[in-house]
Amino acid sequence: MEIFRIFTDRFFNNKDNMKFTKAFIPTLKEVPNDAITPSHILMLRAGLVRPIGAGIYSFLPLGYKVVRKVSDIIREEMDAIGGQEFHLPALNPREIWEETGRVEAFGDILFQVKNRDYVLAPTHEEIMTFHARRVVTSYKELPQIWYQIQTKFRNEARPRSGVIRGRQFLMKDAYSFDSSKENLNKSYDLHDGAYRKIFDRCGLKYFIVGASSGAMGGSGSEEFMVKSDAGEDTVAYCEACGYAANVEVAKSKVQPLQREGESKEVYEISTPDVKSIDELCAFLQIDETKCAKSRVYIADGLPVLVLMAGNDEVNETKLEKVLGGVRPAHPDELKAITGADAGSIGPVGFEGRIIADLRLKDLNNMFSGANKNDYHIGGIDFMRDVTGAEFFDLRTVQSGEECPRCGKPLEVFTAIELGHIFKLGTKYSEAMGALFQDEKGEEHPIIMGSYGIGVERVIACYIEQHNDEKGIVWSTKLAPYKVHLLALNMKSELISGTANGIYEELRKAGVEVLFDDRSEVSAGVKFNDADLLGMPVQVIIGEKKLKTGQVEFKIRATQERRDIPLEEVVKECVNFEF
RNA sequence: CGGGGCGUAGCGCAGCCCGGUUAGCGCGCUUGGUUCGGGACCAAGAGGUCGGGAGUUCAAAUCUCCCCGCCCCGACCA
């Protein structure tokens, strides 16, 4: 019995409670030299993580508690849709990866073990499919949803922004196995719902981008993203209706340009030193919508002139949809092809394919380069003078343009991808021979889906969205500890006795509490550390208030403080939610 | 992989251009004392292969070359 009591004592002490004097929480007063991104700075300053190499981080005890909170939320929601958790090896025989051709596909991104034919898994489609094949063989055993929350390895060329893009990172990935497209849709929708719940519970402001799943070989997919300067994707987003698209494919309603009544004759203008559209407009006193900007690309070894209205930017992804692979022409090629340098190129007299943005269709009295340095041409009529041109949507959407769905202004910004769900289809099951028999006894490849969440990104994004000049602002859902108990002067027996008492009571009440019991630091240090670490509630025990039987209850998020009677502290802490 | 920046005590930095005592400063750390509600004070200390190697020189943190590491921009991103 006694042994049991000691055991549970230790258990509770270690699991839910901590005294600052015993804890390893190395906070930093100054901003570390290597950190730029707010979440990165705060994760280092608050002692959540430490770097050990480029893109490689150790999670310290406080940070790991947050990892567990996020993981638990993910686990609960995955289990709720019937997911079953696996624990898979990170070390994989290379031959499994060769079955699907992905050693080649990943290329240098795949870490290869030097002294044995192993790779470090960057994801787990192959391993999960390996477990399904020849074991899950009947439609009666489907569907299955399998997931894991584990470390992945990718030899990123440039790790950045702390934990946001690392060479080693924690990822939840799930794989669904179904017997039909309809059933895949059901699995996909289940994940869609689960992901919304997960990110909602984590307190993240996110949005969803529909995207093509590219080389993964899937059809339908959605990306869960959050706005961030540390983001790697540029997206167009409409707050009003939720329209969101990668800027590579985003559309907008732009003002259509009107053909003028009468077409002038084509005429040449001397424009010395005029290179840009802005310079041309200033020089000729015209609006940029009267200009056609020229860009020369090489597609299939042949030059193609691409025309855009005014300062519209060519969207190379859209261009590639029309032309296949393209590259911009080199400066010396420009001269050879057109006879002029960049800034003086135009459609009139251009020999070769011309494709133009839809905005330019049927316009007249336009200005463009003359294919002769320091000259431009006016009076261009696209119907008369550029007869061979083909028209496509080629422009890059800009902030402030109207949403194609609801007409409200779009915002263009960078974002971080937190999660991605997509319908894989049979790419892996076919390559690896994961087959099932249907009701008629016919064999088919299992239809798969794949669903990922970057666990550390959830944490970093949460911090990006919830911090102030003092530090992190945790919600009760993710906070390492719910309550930060500060005893201002531990050398006062009244204070230390009271604080210890509250600490014990909170512990018994099941409240996770971090107790700053340091006697050698001043009150200011404790306040600042508490604000930096960001636990939702601070309970402050000071001499003056304690003499009237009161302690201070401070809410980190709002900085709101109020005095409450000593007897009510535990109850207040238990009931607090944020 | 291209471009830029940085590397000096645990952290943040100065010194380098223009070579020359014992390599400094702030914070942190150790010991003793005072203080105790918003990053206290006094006193005494500990702590350095100046990223590594080679070279120039009577002499290198400082000049030259090579290498390594980290950060930022770009390319890339199933």
Side-chain angles (χ1 to χ4, degrees), chain A residues 26-37 40-41 44-45 47 50-57 97 100-110 119 121-126 152-162 164-167 169 171 173 211-218 221 223 229-234 246 248 316 327-328 414 416-417 420 422 424 427-428 450 452 454 469-471 486-496 516 518-532 538 540-547 550-552 554 559 561 563:
Chain A
T27 59
L28 262 24
K29 194 148 79 176
E30 297 175 89
V31 175
N33 178 246
D34 287 342
I36 305 290
T37 310
H40 188 198
I41 291 170
L44 290 168
R45 287 195 55 213
R50 283 292 183 269
I52 204 165
I56 311 174
Y57 286 84
W97 285 79
T100 55
R102 287 175 103 202
V103 172
E104 177 126 307
F106 268 107
D108 197 47
I109 294 292
L110 186 68
V119 300
T123 173
H124 279 83
E125 279 83 2
E126 278 77 358
K152 314 273 174 177
F153 300 86
R154 289 181 201 182
N155 185 22
E156 295 291 349
R158 179 152 99 84
R160 69 187 91 174
S161 305
I164 289 173
R165 189 178 191 81
R167 295 211 166 108
F169 55 95
M171 183 165 157
D173 54 342
S212 68
S213 48
M216 293 303 291
S221 83
E223 289 175 84
D229 289 338
E232 305 181 298
D233 295 299
T234 305
N246 194 302
E248 290 177 356
E316 294 190 1
R327 65 167 174 83
T414 57
I416 295 170
E417 181 185 337
H420 199 168
F422 44 82
L424 281 179
K427 174 173 169 162
Y428 297 94
S450 167
E469 60 293 339
K470 288 285 195 176
L486 328 210
L488 295 189
N489 180 5
M490 281 296 283
K491 284 179 185 149
S492 150
E493 277 184 31
L494 177 63
I495 293 178
S496 65
D516 193 341
R518 289 176 293 180
S519 56
E520 70 283 2
V521 300
S522 67
V525 172
K526 294 187 179 189
F527 286 133
N528 284 314
D529 270 347
D531 287 344
L532 173 62
Q538 292 172 23
I540 301 157
I541 319 289
E543 191 123 44
K544 213 183 285 177
K545 287 174 184 175
L546 195 53
K547 281 183 177 155
Q550 304 211 294
V551 299
E552 191 169 305
K554 175 177 159 184
Q559 301 283 65
R561 344 153 150 243
D563 297 334

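Chain letters run A, B, ... following the sequence lines, proteins first and then strands; every chain starts at 1.
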- With the side chain counted from C-beta on, respond yes when A:M490 and A:K526 share a heavy-atom pair under 4.5 Å apart, and no when they do not.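 Answer yes - side chains close enough.
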- Item | 5' precedence on RNA chain B between A:R45 and A:M171 (nearest-nucleotide basis) | A:R45
- Query: Starting at the 5' end of RNA chain B and moving along, which residue's nearest nucleotide shows up first, A:H40 or A:T27?
  - Reply: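 Closest to the 5' end, via its nearest nucleotide, is A:T27.
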Distance, rounded to the nearest Å, where [X] contributes [atom1] and [N] contributes [atom2]:
X	N	atom1	atom2	value
A:E156	B:C71	CD	P	13 Å
A:K29	B:G38	NZ	P	15 Å
A:E520	B:G28	CD	P	12 Å

Check if the side chain of [X] and the base of [N] share a donor-acceptor pair of N or O atoms closer than 3.5 Å.
X	N	answer
A:E30	B:G39	no
A:E552	B:G37	yes
A:N33	B:G12	no

How far does the [atom1] atom of [N] sit from the matching atom of [M], given to the nearest Å?
N	M	atom1	result
B:U62	B:A9	P	15 Å
B:U8	B:G53	P	15 Å
B:G15	B:C77	C1'	42 Å
B:G7	B:C17	P	14 Å
B:A54	B:A60	P	13 Å
B:G39	B:C65	P	49 Å
B:U57	B:G19	P	16 Å
B:A14	B:G45	C1'	24 Å

- Message: Under 4.0 Å from OP1 or OP2 of B:C77: is there any side-chain N or O of A:R154 that close?
- Response: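 For A:R154, the contact criterion (side-chain N or O under 4.0 Å from OP1 or OP2 of B:C77) is not met.
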Could you check which of [options] has an atom nearest any side-chain atom of [X]?
X	options	answer
A:S522	B:G28, B:A40, B:C77	B:A40
A:A157	B:G39, B:C1, B:C70	B:C1
A:R160	B:G74, B:C27, B:A40	B:G74
A:K491	B:A75, B:G38, B:C36	B:C36
A:R561	B:C77, B:G37, B:C72	B:G37
A:D34	B:C77, B:C71, B:C27	B:C71
A:I36	B:G37, B:G39, B:C71	B:C71
A:K554	B:C36, B:G38, B:C73	B:G38
A:R158	B:G37, B:G28, B:C73	B:C73

[N] - base-pair partner by Watson-Crick or wobble geometry, distances under 3.5 Å:
N	answer
B:G47	none
B:C11	B:G26
B:G32	B:C42
B:G55	B:C63
B:C70	B:G5

Salt bridge [X]-[Y], side-chain N to carboxylate O under 4.0 Å:
X	Y	value
A:K554	A:D531	yes
A:R518	A:D529	yes
A:E125	A:R102	yes

Counting any heavy atom closer than 4.0 Å, what does [X] reach on the DNA or RNA strands: base, sugar-phosphate only, or nothing?
X	value
A:A105	nothing
A:K545	base
A:D531	base
A:D108	nothing
A:K152	nothing
A:S161	sugar-phosphate
A:L488	base

Of all heavy-atom pairs between [X] and [Y], which one has the smallest distance, and what is that distance?
X	Y	value
A:G55	A:P159	CA-CB, 3.6 Å
A:L532	A:R45	CD2-O, 3.4 Å
A:D34	A:H40	O-CE1, 4.0 Å

- Message: If you apply the rule salt bridge (charged side-chain N to carboxylate O under 4.0 Å, His left out), what do you find for A:R167 with A:E156, and how did you get there?
- Response: CA-CA 6 Å; A:R167 295 211 166 108; A:E156 295 291 349; over 6 Å; no
